[in-house]
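Just so we're on the same page: letters track the sequence lines, and every chain starts at 1. Note that the structure is a prediction, hence the values are computed from the model and not measured.
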Amino acid sequence: MSNGNDRWSALKGDSQGSDGGRRYGGYSKQYNRKGYGSRQSSGSESRYNSWDRYQVKTEDGEVLRGSQGSSDRRYSNRVIETKPRWSRFSDNQKDRAARGDEPQVLRKDLDVGDGKGELNPFTGRSFSRNYYRLLELRKKLPIYNHRDEVLKIVGENKFVVLVGDTGSGKTTQVPQILSMKYGKENNKLIACTQPRRIAAVTVAQRVAEEMDVRLGDEVGYSIRYEDETSSRTILKYCTDGLLLRESVTDPLFSKYSMIIIDEAHERTISTDILMGMLKQVVFEREDFRLVVMSATLDAEKLQKYFNNAPLISIPGRMYPVEIKYLEEPVEDYLQATIEAISQIHKEEPAGDILVFLNGEDEISTAVKDLEESLGSVPGEGHPSGVHVLPLFSSLPSNAIQKVFEDPPKNKRKIVIATNVAETSITIDGIVYVVDPGFSKQKVYNPRNRVESLQVAPVSAASAVQRSGRAGRTRAGVTYRLYTEDAFEGLTAMTYPEILRSNLNSVVLQLRTLSMNPVEFDFLDPPPPETVMRALECLLYLGALDQTGQVTKFGKAMSVFPLDPELSRTLLAAPELGVAQEVLAIVAMVSAAPNCFVRPLNKAREADQAKRRFEAEESDHLTLLNVYTEYMIHNNSSQQWCWENFLNERALQSAAKAKEQLERLLEQQGYSTKSKRIGFDYYGQSIAIRKAIAQGNFMFSAVECKRATYLTTKDNVEVKLHPSSGVRTRPTWLIYNELVITTKAFIRTVTQVEGGWLLESSPNYFTPDHFTNDIVSYEIAKLTGERKKSRSAMNTNLRQAY
DNA sequence: CTCTCCCT
């Protein structure tokens, strides 16, 4: 396959039908680093190739390789001034008088507290000096003069939509203002959701400081594995996914008097589902309010969705940001990024740089490159060189914290981030933003209903958000590493995640709450077929019965923060006597999918190290071996992980996940102890692999020719991924994911017996269920054998009596 | 013969 097509190979799979799901990814083999808007080197006719639209069609257009010293030619200067957008509800005294709706006077002790010498209503102590310092800054935020309006409109309505541009202060101030008034109402608290963990934590820290309270007291945060709240908490920042999870145990969100959904424009799947659920809660609960905050102009759609909710519009306040575009597309955006940074460092005045790249790998490489090439190279205003820091979600919290700290004296801070840095967080000192214009996104192919992760051009909304990061503390510059024409060609908004995702888990959750997923009030309804496929899958898993009601088993499945397949695997384990082992495996698969580190220059050593953990019949068991050894070496884990080419962060998160899953399993009344007595190695291996088969039978593959398998679900011819340690050449396999890169590969596989699959779901494994002859034949062989053995058993029985 | 944004 030629290079231009590799990226899209995932979209041209010949599979007949599948709901794909998390395990069906397509990642480009060669990391095609062509800059956004550049010409593709070979024809890519695929009609799913969203780049087609952005290609520069002229054949004679010279593609400039970025080079130093040609900056004047490469960048076109164009200053885009940020125009304040006027609030629909002007805060002008005259206007208010004319409308006759003078805002109510607030109770003084609940006001934000302007007067010096006042006591903090929460701590009873006088405010600190820092409080007054921050208060001065808060007064400058556009939202400050809209406090009364926010309180009034929220007071009079149960739905409110609030739109505020970057720098309006909505994320920190609106929840704060509202918690002053509603935070103690009926002993309930206010929650404010964020799409990202880092945002939830850093915003909570900031707001606690502004309110002069200790983090975790009146203001706290809650993200998976970390709950910094207490009985005193009146305002809780949390991730949208976490709040959605809470609905499983508390469908009416009875802990909360108000929920504020922030960054609704990001349209994460969790935010979309929450909006639908909370809309219902508003009707069912007298004492509940919903505020939806968004950054874009798409407010009308939200207003309409929430029964013509009133709109509060807050202008942004930013320092001017100059946008520079490339005049010609670049050949290699990574190289162009490095060069742009180098140029900024050497030629532009003092100020830190924020760079958007696509993944841990890319970021780590860039950090290393820049430390080497610019680490101690003096630049304008920074005589000691640069201080480069990575930022992505899976970093440990102390590494994330570093990003917000001052760099060493006389060094220029360079933060290289994924799109975690796109919204909500403010890194002081950032003056320059370098934006190659890409992000890694889930992509959905409607033809074969396949979900995959791809590097794709960002939406214009994202690009604007990114450039906004440059003007937070003073005037800044954004370097877009693509042409202005290319910018014009970007899609306006990011396509909602719910329209490009597998809905198995979501549909189970909705059914558990007795909601009809087909009639659910989605802001953007997913295709009905995706919902039907989810229902079908849940039926086979035994989570739903024939009438679509949630079974007792399905109810138990819905409690786990896992895909339904993995929940069922987990629930099958105690009876098989291998709860501990399966807990570890499920934790590894869901929380540490890529725990093996394989640096290219040490590939052989890394492979050798991995081999020590390998089980020849199962990669899942290999993961279990890694986990077990890791726990044994827990007190020297850093050293041990390094020596064994393992990603310590990944293993730490697997350990936390296992703890959480174990607690939940116990709460469901299952024993989490393993029965080791009576097991030899193979007995244990079989029990574990049976549990894996019970949940993952839809991710099964059968050998069709030498070293080649056919997936049962969608008849894709696949090979074992070269990273697999399975050497037994089994007839039947379970795979954790299917990736299509240079070839179609199944990754993380386990040998199973066909009979186990049949036992797992007899109504799924019927020969006529499958369109492929080979699959049907193999299944017929199984069912045939089963019938045979049953009649043999009857003969035996007859003989016995 | 190879490699994944975010979130529960």
Side-chain angles (χ1 to χ4, degrees), chain A residues 10 22-31 193-200 222-226 238-248 263 266-274 356-364 391-394 417-424 438-443 451-456 458 462 494 497 500-501 505-506 508-509 558-563 566-567 590-600 603 606-607 610 645 647 650 653 656-657 660-661 664 707 719-725 736-737 739-748:
Chain A
R22 71 185 192 281
R23 302 148 193 249
Y24 206 111
Y27 310 111
S28 58
K29 176 208 179 188
Q30 287 172 325
Y31 218 52
T193 69
Q194 298 291 322
R196 304 183 206 306
R197 297 161 55 92
I198 297 178
S222 201
I223 59 179
R224 190 180 184 186
Y225 312 131
E226 277 177 58
C238 61
T239 46
D240 51 5
L242 187 122
L243 195 66
L244 181 60
R245 271 272 127 218
E246 285 186 4
S247 74
V248 173
E263 315 291 0
E266 286 217 22
R267 304 296 309 276
T268 68
I269 193 162
S270 297
T271 284
D272 272 22
I273 304 288
L274 268 176
F356 288 97
L357 288 179
N358 292 321
E360 184 172 346
D361 211 35
E362 219 173 84
I363 289 170
S364 305
L391 180 65
F392 44 87
S393 186
S394 57
T418 59
N419 35 17
V420 286
E422 205 170 281
T423 47
S424 292
F438 295 101
S439 70
K440 220 170 247 175
Q441 315 164 2
K442 219 169 352 182
V443 176
E451 194 181 273
S452 64
L453 206 56
Q454 311 232 343
V455 174
V458 296
S462 276
T494 311
E497 197 185 3
R500 45 193 169 97
S501 306
S505 188
V506 161
L508 176 58
Q509 206 173 333
S558 72
V559 167
F560 298 97
L562 296 168
D563 285 319
L566 290 177
S567 300
S590 72
N594 45 349
C595 65
F596 296 104
V597 181
R598 193 172 183 268
L600 281 177
D607 290 344
K610 182 163 179 279
F645 293 88
N647 182 342
S653 106
K656 282 191 222 156
Q660 184 189 31
L661 297 173
L664 291 169
K719 303 258 184 203
L720 294 199
H721 195 272
S723 64
S724 174
N736 186 58
E737 61 179 345
V739 293
I740 304 177
T741 52
T742 51
K743 279 197 194 79
F745 292 114
I746 46 178
R747 191 154 56 185
T748 314

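- OP1 or OP2 of dC3(B) sits under 4.0 Å from a side-chain N or O of T741(A).
- Note on R598(A): a base of the nucleic acid sits closer than 4.0 angstrom, heavy atoms only.
- Across all strands, R196(A) comes closer than 4.0 Å only to sugar-phosphate atoms, never to a base (heavy-atom distances).
- Distance E263(A) CD to dC6(B) C1': 13 Å, rounded to the nearest Å.
- Taking atom CG on D240(A) and atom P on dC6(B), their separation rounds to 14 Å, with Å as the unit.
- Between E266(A) atom CD and dC6(B) atom P the separation is 12 Å, expressed in whole Å.
- Within the nucleic acid shown, F560(A) has no heavy atom closer than 4.0 Å to any nucleic acid atom.
- With distances taken from any side-chain atom of L242(A) to the nucleotides dC1(B), dC7(B), dT8(B), the minimum falls on dT8(B).
- Side-chain contact between S393(A) and T418(A): absent, with no pair of heavy atoms (C-beta onward) separated by less than 4.5 Å.
- When distances run from any side-chain atom of S723(A) to the nucleotides dC7(B), dT2(B), dC1(B), the shortest one goes to dT2(B).
- Remark: the backbone N or O of E422(A) is not paired with any side-chain donor or acceptor of R196(A) at under 3.5 angstrom.
- Of the candidates dC6(B), dT8(B), dC1(B), dC1(B) carries the atom nearest the P722(A) side chain, counting heavy atoms from C-beta on.
- Look at CZ on R267(A): it is 16 Å from C1' on dC6(B), rounded to the nearest Å.
- Regarding Q660(A), its CD atom lies at a distance of 8 Å from the C1' atom of dT8(B), rounded to whole Å.
- Here T418(A) reaches the OP1 or OP2 of dC6(B): one of its side-chain N or O atoms lies under 4.0 Å away.
- Side-chain contact, Q660(A) with R224(A): a donor N or O sits under 3.5 Å from an acceptor N or O.
- Spacing between atom CG of D563(A) and atom C1' of dT8(B) amounts to 10 Å, rounded to whole angstrom units.
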Checking side-chain hydrogen bond (donor to acceptor under 3.5 Å, both in side chains) for the pair E266(A)/T268(A): CA distance, chi angles, key distance, verdict? CA-CA 6 Å; E266(A) 286 217 22; T268(A) 68; over 6 Å; no
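- In this structure, D272(A) atom CG and dC6(B) atom C1' are separated by 14 Å, rounded to whole Å.
- For the pair L243(A) CG and dT8(B) C1', the computed distance is 11 Å after rounding to whole Å.
- Which of dT8(B), dC7(B), dT2(B) sits closest to the side chain of S393(A) comes down to dC7(B).
- No engagement by N647(A) is indicated, since no non-hydrogen atom pair under 4.0 Å with the nucleic acid exists.
- Not one side-chain nitrogen or oxygen of S270(A) sits closer than 4.0 Å to the OP1 or OP2 atom of dT8(B).
- Side chain of S247(A) to main chain of L244(A): a donor-acceptor pair is present (N/O by atom type, distance under 3.5 Å, no hydrogens or angles).
- P593(A) comes within 4.0 angstrom of nothing in the nucleic acid, heavy atoms only.
- One finds no side-chain N or O of T239(A) lying less than 4.0 angstrom from the OP1 or OP2 phosphate oxygen of dC6(B).
- Counting only N and O atoms by type, the side chains of E263(A) and T271(A) include no donor and acceptor under 3.5 Å apart.
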